[in-house]
Amino acid sequence: MKHYDLPHNHGQNINLILEKMPEETNFKTVAQIFSQLGDGTRLRILWLLCHSTECVSNIGAAIGMSTAAVSHHLQVLKKQGLIISHREGKEIHYTLADTKTANLLHKAIDDLFEINCPAPKHK
C-alpha cells in the first residue's frame, strides 16, 4: 500500500480513496474525450449518430454545415473511438460505436437533454 504524505488529516481516511485513483494517463484520455464534446457542433453530430446511421451529406443537411466541415468533425469523433463508419456503395455511413464509452456518452447525452432515446440501437 502506497503511503501519501498529506499535510492535513481531516479524518476521512483519504489514503484509501487515493489508492483507488486511476493513473494520470487515464485522466488525460477521459479529458481528451470530454474536450471533443466541448464543441457544440460535434455534440450535435454525436447526438444525431446516437440515434441514427447517416451519411456525411445527410448530417450536413441536418445541422446546416458543409460536407467538408462535417467530415472534419466526424474524423475527430472517429479518432476518439466514439463513432464508426461503414461503406454502402459510394457512401460512407456513420453511427455511434458499440463501446462502453460511447454507450455511456449516449446515455449521458439523452439524460442531459432530458429525452428518451427516440431510436434505441439494437444489439
Side-chain angles (χ1 to χ4, degrees):
M1 178 185 253
K2 183 177 178 183
H3 175 73
Y4 295 91
D5 190 22
L6 302 177
H8 302 272
N9 179 351
H10 299 288
Q12 298 179 30
N13 208 359
I14 190 71
N15 285 328
L16 291 177
I17 295 168
L18 292 173
E19 288 297 324
K20 303 284 185 193
M21 185 184 293
E23 296 292 323
E24 184 179 352
T25 55
N26 295 62
F27 284 102
K28 288 180 180 180
T29 300
V30 172
Q32 191 173 28
I33 291 169
F34 283 147
S35 73
Q36 302 312 315
L37 300 177
D39 181 286
T41 298
R42 274 194 285 275
L43 190 54
R44 288 176 72 199
I45 291 170
L46 189 61
W47 182 91
L48 181 64
L49 297 179
C50 281
H51 306 106
S52 66
T53 300
E54 288 297 339
C55 67
V56 176
S57 299
N58 282 356
I59 296 168
I63 65 171
M65 290 187 77
S66 70
T67 56
V70 169
S71 291
H72 167 73
H73 290 293
L74 290 170
Q75 291 311 310
V76 171
L77 292 169
K78 190 172 180 182
K79 183 177 178 185
Q80 289 298 315
L82 300 177
I83 63 171
I84 57 171
S85 64
H86 66 276
R87 182 174 291 279
E88 288 188 23
K90 293 182 179 183
E91 292 183 331
I92 298 176
H93 291 236
Y94 296 86
T95 194
L96 187 71
D98 189 16
T99 64
K100 181 179 178 182
T101 300
N103 289 322
L104 283 170
L105 287 173
H106 178 180
K107 181 175 178 359
I109 288 168
D110 283 355
D111 287 351
L112 289 168
F113 287 109
E114 297 179 348
I115 65 166
N116 290 322
C117 184
K121 299 238 179 201
H122 298 282
K123 294 187 181 194

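Note: hydrogens, waters and symmetry copies are ignored here, and every other heavy atom, side chains too, is used.
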Report yes if some heavy atom in the side chain of His51 is under 4.5 Å from a heavy atom in the side chain of Asp110; otherwise report no.
-> yes

With rounding to the nearest 0.5 Å, note down the distance linking CD1 in Ile84 to CG in Leu77.
-> 13.0 Å

Could you grab the distance from atom OG1 of Thr95 to atom CG of Leu49, nearest 0.5 Å is fine?
-> 6.0 Å

Atom pair CG/CG of Leu74 and Leu82 - distance to nearest 0.5 Å | 11.5 Å

Cluster check Leu104, Leu37: I/L/V/M/F/W/Y, side chain < 4.5 angstrom | no

Partners meeting side-chain contact (heavy atoms from CB on, under 4.5 Å) with Ile63 (sequence neighbours left out) = Thr41, Arg44, Ile45, Ile59, Met65, Val70

Under the salt bridge (charged side-chain N to carboxylate O under 4.0 Å, His left out) test, residues paired with Glu24 that sit two or more places apart = Lys28

pair Leu96-Asn103: side-chain heavy atoms closer than 4.5 Å | yes

Which heavy atom in Thr99 sits nearest to a heavy atom in Gly81, and how many Å separate them?
-> OG1-O, 4.0 Å

How many angstroms lie between CG in Leu105 and CG in Leu112, if you round to the nearest 0.5 Å?
-> 10.0 Å

Spacing of Lys90 atom NZ and Glu88 atom CD [to the nearest 0.5 Å] | 15.0 Å

Work out which heavy atom in Lys78 is nearest to a heavy atom in Ser85; give both atom names and the distance.
-> NZ-OG, 2.5 Å

By salt bridge (charged side-chain N to carboxylate O under 4.0 Å, His left out), Lys107 pairs with (sequence neighbours left out) Asp111

Taking it one step at a time, do Gln80 and Thr101 satisfy side-chain contact (heavy atoms from CB on, under 4.5 Å)?
-> CA-CA 10 Å; Gln80 289 298 315; Thr101 300; over 6 Å; no

Hey, could you give me the CG/CG distance between Asn58 and Leu48, rounded to the nearest 0.5 Å?
-> 9.0 Å

Same cluster or not: are Ile83 and Ile109 linked, directly or through other Ile, Leu, Val, Met, Phe, Trp or Tyr residues, by side-chain heavy atoms under 4.5 angstrom apart?
-> yes

Shared ILVMFWY cluster between Val76 and Leu46, side chains joined below 4.5 angstrom?
-> no

